[in-house]
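Working notes, structure below.
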Amino acid sequence: MAYEQLASEIIEGVGGSDNIISLIHCATRLRFKLYDDSKANKDVLNQNSEIIAVVESGGQFQIVIGNQVGQVFEALQGGSVSTGRIKSECSQKHNGAFALFIDIISGIFTPLLGVMAASGILKGLLALAVATSVLTTTQGSYKILFAASDALFYFFPIILGYTAGVKFSANPFITMVIGGALVYPDMVGAFHASQVAGASALHFLGIPVILMNYTSSVIPIICAAWVSSRFETLFNRILPLSVKNFFSPLFCLIIVVPLTFLVIGPVATWLSLLLAHGYEWIYLVSPVIAGLVMGACWQIFVIFGLHWGFVPIVINNLSVFGSDTMLPLLIPAVLAQAGAALGIFLRTRDAKVRTLAASCFTSGIFGITEPAIYGLNLPRKRPFIFGCIGGAIGAAIIGFFHTHIYSFGLPSILTFPQLIPGSGVNSSVWAAVIASFASILIAAVLTFFFGVKDELPVDESHVEEAAVQQMDQHVHQ
């Protein structure tokens with residue numbers, strides 16, 4: 001089926017282009033915001049042979065497409081569907097504070113997931129190269145590749161300034177400049193000077209500036225972008241049309257940049273530290289229980305879109321501590337669902353189911369689990385449950401060994417190199433690798449013996465989806 005035809009059917013299924021507020025996409029899903037959800041025909045969309053599933057969560061109408069989501073997204077754009085920007089008058093259309101939070105976080109981070117995963121994988125490969133003495137940290141090749149892997153994270157305030165500006169219906173280039181001010185070399189230098197002198201080296205209108213290091217930070221620029229969007233709306237309303245194009249950005253910069261350095265940044269940084277240390281305290285109470293809970297529940301969170309609430313915690317941990325303990329717990333949760341698909345592949349004699357299961361296993365170990373979940377495991381119930389059990393056991397083992405990850409990634413076998421610390425491979429890394437593959441084995445064995453009780457007819461949509469699953473996608477949602 002041509003992508004243009006599928007795009008047309010999707011537009012009709014969500015209630016027409018006039019019902020669409022905005023559209024973004026992640027690695028496998030189209031994420032719509034609709035004026036009226038009741039106009040969307042979920043049953044018709046689910047019957048479409050090119051659609052894996054339809055999920056309503058976090059104030060979004062999500063259509064799971066699979067690896068061709070980028071091409072379908074482009075076809076939808078060609079069909080005059082506006083994308084990415086939420087109209088301000090509808091920005092409060094949510095089902096509660098938590099749904100609003102999930103919507104904001106997903107809108108800000110979704111456009112960056114691919115490059116975030118790529119940067120993290122490159123960092124992991126460089127760590128592996130250093131650990132195996134293929135490269136040294138003093139070589140030019142290492143420094144150039146490390147710059148490529150670290151640039152996104154170092155300049156996070158600038159990058160997030162753009163996506164947050166878009167999400168808050170502000171001029172994204174104004175919010176990018178605000179983010180740029182936070183990591184401006186003179187300001188970073190002033191922070192380091194204050195660390196040596198033991199006092200603030202800067203004042204603004206006689207007010208001492210509490211200097212912070214905002215490189216790799218997340219929360220300050222998101223808060224600053226929201227404040228800037230409020231001021232921009234005000235200035236655009238009261239300024240004459242002939243001057244607002246340059247006076248509105250001028251006033252935003254004059255007000256928001258100092259306000260960020262004086263108030264927003266320090267308060268947001270304090271909240272970041274509070275969040276990081278709060279998570280660390282919970283984790284240290286019982287890493288094993290943390291692993292059991294996260295490993296068992298992660299794919300359930302993904303199904304309902306609740307996993308977005310954990311993304312800022314992971315990134316914030318990396319910014320504050322330089323490492324994170326939550327993300328390693330999620331690797332077995334993802335791989336175990338692929339293991340359940342492997343169990344179905346080994347047990348079933350249905351040729352169509354075997355074709356689907358083989359494809360789902362391949363894509364699942366690289367982090368794309370939607371085909372396995374929606375096409376195989378959930379319809380049969382037990383394989384999904386066994387996948388959650390395998391994920392829980394594997395994550396509990398990882399928690400017991402206190403495995404850390406040192407760059408952001410999306411859980412799959414490709415994130416293993418990111419577990420390597422600067423000192424080289426240690427026992428916690430091997431424990432994570434062994435536990436993750438054990439989760440595959442546990443889920444596969446349980447599914448093989450107890451999970452395929454009755455053969456269900458295969459939905460042709462999932463067979464067709466399986467045929468196009470490729471290993472060139474390395475991100476999960």
Side-chain angles (χ1 to χ4, degrees), residues 28 52-53 55 64 66-67 291-304 307 328-398 411-416 432-467 469 471 473 476-477:
T28 57
I52 299 176
V55 180
V64 184
N67 289 340
L292 285 171
V293 173
M294 294 303 295
C297 299
W298 181 249
Q299 291 295 349
I300 300 173
F301 294 155
V302 169
I303 290 173
F304 292 101
H307 61 299
L329 304 178
L330 311 181
I331 300 174
V334 170
L335 296 184
Q337 292 298 326
L342 177 62
I344 294 174
F345 171 80
L346 295 174
R347 180 62 184 266
T348 186
R349 296 184 179 181
D350 187 299
K352 290 183 177 180
V353 176
R354 285 177 63 87
T355 299
L356 176 59
S359 178
C360 289
F361 173 72
T362 302
S363 59
I365 62 174
F366 288 99
I368 304 294
T369 57
E370 277 90 343
I373 291 174
Y374 295 114
L376 289 173
N377 299 345
L378 268 181
R380 290 164 175 78
K381 297 183 179 62
R382 288 185 181 182
F384 181 78
I385 294 172
F386 293 149
C388 292
I389 292 172
I393 295 173
I397 297 171
I398 290 176
S412 72
I413 61 171
L414 296 173
T415 55
F416 288 145
V433 174
I434 294 171
S436 297
F437 282 104
S439 69
I440 296 178
L441 181 63
I442 291 169
V445 170
L446 288 175
T447 300
F448 181 85
F449 286 106
F450 309 108
V452 189
K453 186 174 182 180
D454 298 309
E455 288 293 346
L456 297 181
V458 178
D459 190 329
E460 291 296 329
S461 67
H462 299 136
V463 175
E464 194 169 340
E465 168 63 20
Q469 294 295 327
M471 290 191 296
Q473 283 280 1
H476 187 291
Q477 280 195 264

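For the numbers below, each heavy atom of this structure counts, side chains included, while hydrogens, waters and symmetry mates do not.
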Between [X] and [Y], what is the shortest heavy-atom contact and its length?
X: A443; Y: A340; value: CB-N, 3.7 Å
X: G343; Y: T447; value: C-CG2, 4.0 Å
X: I365; Y: S412; value: O-CB, 3.5 Å

Any donor-acceptor pair under 3.5 Å from [X] side chain to [Y] backbone:
X: R380; Y: G451; value: no
X: S363; Y: C360; value: yes
X: N377; Y: Q337; value: yes
X: T362; Y: A358; value: yes

- [ ] Quick one: do Y374 and V55 satisfy side chain to side chain contact (heavy atoms under 4.5 Å, CB included)? Show the steps, please.
- [x] CA-CA 11 Å; Y374 295 114; V55 180; 3.4 Å; yes
Open item on the list: Which residue is it: L330, V334, L378? I am looking for the one with a side chain to side chain contact (heavy atoms under 4.5 Å, CB included) to Q299.
Closed with: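 For Q299, the side chain to side chain contact (heavy atoms under 4.5 Å, CB included) check succeeds only for V334.
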Open item on the list: Rounded to the nearest 0.5 Å, what separates atom CD1 in I398 from atom OG in S436?
Closed with: 4.0 Å
- [ ] Return the set of residues passing side-chain contact (heavy atoms from CB on, under 4.5 Å) with F448 (not counting sequence neighbours), or none when no residue passes.
- [x] L346, R347
Task: Pair W298-L329, side chain to side chain contact (heavy atoms under 4.5 Å, CB included): steps then yes or no - done: CA-CA 9 Å; W298 181 249; L329 304 178; over 6 Å; no
- [ ] Check ring pair (Phe, Tyr, Trp, His ring centres under 6.0 Å) between F416 and all other residues, then give those that pass, not counting sequence neighbours.
- [x] F437
